[in-house]
Amino acid sequence: MTTAVDDAAARRSQLAAIEQSGVAERFHLLQLRNPALWVLLWGIVAGAVRTFTFYRPGTGNYGGALAAGSVTFAIYTVAWLVFLHWLDRYTPMRPGLLAVGFIWGAFAGTLFLALTVNTALLTLYAKWFGPTWANDWSAALTAPFTEETAKAIGFVLLLGLAPKLIRSAFDGFVLGAFIGLGFEVAEDVLYVYQGASGHFGTRQVADSVQMIAARSVAGVASHALFSALVCCGLMWILGRDPRGRHVGKGLLLVVTAMVLHGCWDASATIGTSIGGPVLGAAMTPILVVVGIAVVLVVGRDAAVTDRGWARAILAPEVERGTLDQAELAAVAGTHRDRRHFVKAAHGHHGRRVAKHLVAAGRDLLEAIGRSGGEETPEVEHARQEVARLRTV
Amino acid sequence: MTQHETVPVDQRWLGMDRRGLPYAVVALVLIAVLHWVIPAIDDATAWDDPIVAGDVLDLGNGITVTPPVGWQLEDGILTSDEPTNPVDPTSPGGVRADLATGTAALSVTGAGWDGTANELMDQYNRLREDSDEDADRVFAITGDRSSVTTASGVTGIEESFTSAGGDGRAFAFVLDDDSGTPIGVVIAASATDEAFGPADAEIDDVVSSLTMTETSS
């Protein structure tokens with residue numbers, strides 16, 4: 001039996017979690033007096049202009065490849081968005097903020113910054129160490145620094161624009177993934193476009209298909225993953241997660257992302273040097289597995305704060321009987337907690353209902369968070385959905 | 001002005017929200033490093049990898065060309081090098097080498113090619129017309145095509161043109177690599193100051209040196 005004191009404490013914790021997580025805050029991009037906005041807009045506009053001027057002359061020769069790459073990776077992006085939406089399930093970030101991050105990665109990060117500095121640094125390495133060394137190692141010693149920095153600049157600017165919305169290591173993880181995804185997709189299209197010039201541009205279909213396949217596989221553990229690690233690391237370094245500043249952990253994440261990125265760019269060289277052509281060919285799947293393992297561990301740790309907020313936000317709903325403790329644990333828990341909850345249900349129908357209850361619980365979590373803890377029609381509707389699903 | 005745009009008085013600097021200033025400054029510094037500082041260092045750094053007597057450019061799968069002594073090797077692998085990843089003209093990106101001297105720049109491009117040398121020259125020109133590099137795109141063919149034969153007996157096509165820098169010469173060849181795969185090779189030279197001068201004869205030597213060497217494997 002709960003008491004009025006328990007209810008009041010749960011309510012205070014709920015409001016504190018909503019306040020601390022920033023889940024009720026709206027994202028306002030057009031903060032005309034915020035200098036971060038103007039730098040952000042400059043980067044994006046410069047990137048968009050550079051993208052147009054870069055591709056325009058080649059559309060006559062490689063327009064087909066450009067279109068094929070754009071359409072394919074647009075579909076690829078949708079799949080990623082579905083996954084990232086599922087990932088960001090505790091105190092979801094505002095779509096507008098994530099969209100701006102994606103756009104920074106796609107325009108400012110790639111053709112405005114990375115292409116310019118990469119070209120210069122790759123040439124510098126060739127000047128300093130010779131073309132042979134540069135051929136083997138320059139990409140691995142360029143992109144991890146230049147591209148991760150180009151993407152992180154967008155994250156820094158968004159921190160300046162939305163400090164109340166980016167409040168935990170997991171927020172950095174998710175926003176970083178969106179910035180990285182934008183960069184990744186733009187880079188994929190660029191690779192398909194450039195790959196079409198192979199064979200003097202006469203086998204564009206075959207070369208494009210080959211490049212799309214290769215980039216799609218590699219993209220599973222590529223820029224989205226690297227940036228998630230870097231931006232999560234920056235949150236720890238800056239001490240913006242309520243668990244405090246952890247510079248060592250943050251630096252470790254940034255360095256891990258850069259090492260993984262470098263290994264990607266020199267995968268054939270590293271693999272061949274260590275274990276010959278066989279390991280050289282096997283490096284891609286190995287790096288995909290290692291990358292996913294790393295991101296799972298990091299994401300699980302980063303989400304501890306957000307899971308705590310989710311529990312606090314939903315706790316009053318347990319007091320009022322909307323959810324029970326097991327449901328709360330599944331909704332605010334890890335993927336494993338959700339699986340245990342679903343498995344504990346009886347029969348196929350029971351497990352189906354359990355899955356729906358978890359989803360409805362997450363809708364309720366988001367509705368309460370977005371409402372700032374107020375009673376709104378959206379919150380009431382979400383409660384009714386939970387109740388309705390129990391009777392199905 | 002809506003509430004979110006209202007900046008507290010004590011947080012203003014020249015009317016701007018100073019809370020966003022550190023982020024903007026950090027971002028600007030990093031952008032400056034990436035967009036201006038590193039490219040400026042590159043521009044200020046001279047090439048220092050001159051070709052010496054005996055150097056031979058490896059175009060992969062047994063195909064080689066001898067570059068002129070004293071020219072700077074800006075991109076490309078020599079047969080004396082031991083790259084971890086072997087040069088392969090049949091790879092999607094093909095193979096490329098770039099050389100430069102005071103009055104000329106020379107590029108060698110190789111990739112799988114099923115057509116004739118004439119068709120290769122046509123395609124090379126078609127790609128240049130739509131290049132994203134102004135220096136490549138602005139050119140005009142001067143004179144008719146002529147045949148050219150290398151010292152090893154490979155016959156190709158030569159064409160002259162004028163470009164932004166001045167004189168230009170392009171050569172197209174098709175030869176089989178060590179596995180019998182036909183490889184198209186385009187050697188293109190552009191003057192950087194009106195005329196080739198002494199580089200003209202060196203370009204002839206480069207073209208003449210194009211050969212397919214049977215590999216021991």
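Each chain gets a letter, A, B and so on, in the order the sequences are listed, and its residues count up from 1.
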- Would you give the length of the straight line joining atom CG of A:N34 to atom OH of B:Y23, rounded to the nearest 0.5 angstrom? 10.0 Å
- Contacting moiety of B:E129, where chain A heavy atoms sit under 4.5 Å: neither
- Task: Answer with side chain, backbone, both or neither: which region of B:A46 has an atom nearer than 4.5 Å to a non-hydrogen atom of chain A?
- Result: backbone
- Message: With rounding to the nearest 0.5 angstrom, report the CG to CZ distance, B:L14 to A:R33.
- Response: 11.5 Å
- Between A:S273 and B:T84 the two heavy atoms that sit nearest each other are OG-CG2, 3.5 Å
- For A:Q31 and B:V7, run side-chain contact (heavy atoms from CB on, under 4.5 Å): C-alpha distance rounded to whole Å, both residues' side-chain angles, the deciding distance at 0.1 Å, then the answer. CA-CA 10 Å; A:Q31 302 169 43; B:V7 180; over 6 Å; no
- Item | chain A contact via B:R12 - side chain, backbone, both or neither, heavy atoms under 4.5 Å | side chain
- Looking at A:A36 and B:A24, what are the two nearest heavy atoms and their distance? N-CB, 3.8 Å
- Task: Measure distances from A:W38 to the heavy atoms of chain B and classify the residue's part below 4.5 Å as side chain, backbone, both or neither.
- Result: side chain
- Message: Counting heavy-atom pairs under 4.5 Å with chain B, which one of A:D207, A:T272, A:T123, A:L158 comes out on top?
- Response: A:T123
- Message: Using side-chain heavy atoms (C-beta onward) and a distance below 4.5 Å, is A:N135 in contact with B:D81?
- Response: no
- Item | Contacts with chain B made by residues 104-115 of chain A (heavy-atom distance under 4.5 Å), listed by residue number | A:W104, A:F112, A:L113
- Does any heavy atom of chain B fall under 4.5 Å from the side chain of A:R203, the backbone, both, or neither of them? side chain
- Query: Checking heavy atoms, do the side chain of B:L120, its backbone, both or neither come under 4.5 Å from chain A?
  - Reply: side chain
- Atom pair CG/CE of A:L32 and B:M16 - distance to nearest 0.5 Å: 8.5 Å
- Identify which of B:I41, B:D48, B:V26, B:V37 forms the greatest number of heavy-atom pairs closer than 4.5 Å to chain A. B:I41
- Item | Sole residue of A:T116, A:N118, A:L121 in side-chain contact (heavy atoms from CB on, under 4.5 Å) with B:I38 | A:L121
- Message: So which residue, B:L21, B:L30, B:D75, B:I31, ends up with the most heavy-atom pairs under 4.5 Å with chain A?
- Response: B:I31
- Message: Which one wins on heavy-atom pair count under 4.5 Å against chain B: A:A126, A:G130, A:G160?
- Response: A:G160
- Side-chain contact test, heavy atoms from C-beta onward, threshold under 4.5 Å: evaluate it for B:T45 versus A:W128 and give yes or no. yes
- Query: Considering only heavy atoms from C-beta outward, does the side chain of A:F200 approach that of B:T109 to under 4.5 Å?
  - Reply: yes
- Shortest non-hydrogen contact from B:G112 toward A:H199: O-CD2, 3.6 Å
- Message: Quick check on the interface: out of B:T90, B:I77, B:D49, who has the most heavy-atom pairs with chain A under 4.5 Å?
- Response: B:I77
- In terms of heavy-atom pairs under 4.5 Å with chain B, the winner among A:N61, A:I153, A:T59, A:T149 is A:N61
- Message: Heavy-atom count check: over 12 atoms from other residues, nucleotides or ligands less than 6.0 Å from B:W47 CH2?
- Response: yes
- Query: Looking at A:L37, A:V39, A:L40, which has the largest count of heavy-atom pairs under 4.5 Å with chain B?
  - Reply: A:V39
- Counting only heavy atoms closer than 4.5 Å, note whether A:W133 contacts chain B via side chain, backbone, both or neither. neither
- Among B:P83, B:G94, B:G76, who wins on heavy-atom pairs under 4.5 Å with chain A? B:P83
- Item | Engaged part of A:A196 at the chain B interface, taking heavy atoms whose separation is under 4.5 Å | neither
